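Given the structure is predicted, the values throughout are model-derived calculations rather than measurements. Letters A, B, ... are given to chains in the order of the sequence lines, protein chains preceding strands, and every chain is numbered from 1.
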Amino acid sequence: MRILYFAWLRTKIGTSEEELAPPPDVATTGDLITWLRSRGPGYADALANRAVVKVAVNQDYVGLDHPLSPNDEVALFPPVTGG
Amino acid sequence: MAIRVQAEDFDVGAELAALSDGNTAVGGVASFVGLVRDVAGGDAVSAMTLEHYPGMTERQLAAIEAEARTRWPLDAVLIIHRHGRLLPGDRIVLAACASAHRAAAFEACWFLMDWLKTKAPFWKREETADGDRWVSAKEEDEAAADRWHTRTP
């Protein structure tokens, strides 16, 4: 599974992209965030407040109950500030 | 379909002229140009860097354009959004709509900007005298986008 991070999630986690194989009990986007938080202090800090973490799967916005597949591209980022 | 995400500047006059070129059914073109300001939250801003999510950005902007076209009779739509490091006064974004009548052009252009602000995956980082900082999303931007869920033309 390809995981992308943007803006301050990227700087706190320390990478913009990684290829990960979450354990089988990670079934949804919410599960993924919970699992990522256990991977280190940078992850825990970046993902501490789920209310400000937006999730996209395969470049479409999804909620925290969205099911995941091994070949998904998952992106985590803060609320957008373009325009 | 005209969506462009680019580092380069754009020529507003040439872009707007091209929007109605060859289509004499167009009665008006409404546009919005977003610029980098030199102040934010009371602090001087010396530069701004726009990060984006290549692929998803184009996908979301295309979806916003498609939504606008279902709501208003538009002859042409153009969204150009820049990324990279920009200076105060630099152009960030151009949204423009061409239609037979002004109401559709004005409303659709406003809609494009309101939805772009809350859905297109861009993030601004400002450079100030106290260092760099990420720009926070504004609640009023959410409210501005939400009003289009209930308000129909």
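Side-chain contact between B/Lys124 and B/Ile92 is present, with at least one heavy-atom pair separated by less than 4.5 Å.
Contact tally against chain B (heavy-atom pairs below 4.5 Å) for A/Leu4, A/Val52, A/Asp60: the top residue is A/Asp60. With chain A as partner, the option from B/Phe122, B/Trp134, B/Phe32 having the largest number of non-hydrogen pairs under 4.5 angstrom is B/Trp134. Heavy-atom pairs under 4.5 Å with chain A peak, among B/Lys119, B/His52, B/Met113, at B/Lys119.
At a cut-off of 3.5 Å, with distance as the only test, a side-chain donor of B/Glu107 or B/Trp72 sits close to an acceptor on the other residue. Checking B/Gln60 against A/Tyr61 by side-chain atom types alone, no donor-acceptor pair falls below 3.5 Å.
For B/Thr57, no part lies near chain A; criterion is any non-hydrogen pair under 4.5 Å. Looking at A/Ser16, neither its backbone nor its side chain comes within 4.5 Å of chain B, counting heavy atoms on both sides. Contacts between B/Arg125 and chain A at a heavy-atom distance below 4.5 Å are absent for every atom of the residue. Of the atoms belonging to B/His83, not a single heavy atom falls under 4.5 Å from chain A.
Relative orientation of the B/Trp148 and B/Trp110 rings is perpendicular, given thresholds of 30° and 60° on the angle between their planes.
Considering B/His81, B/Glu15, B/Glu58 as possible partners of B/Arg4, the one that fulfils the side-chain hydrogen bond (donor to acceptor under 3.5 Å, both in side chains) test is B/Glu15.
Using a 4.5 Å cut-off between side-chain heavy atoms of Ile, Leu, Val, Met, Phe, Trp and Tyr, with links allowed through other members, A/Met1 and A/Tyr43 fall into the same hydrophobic cluster.
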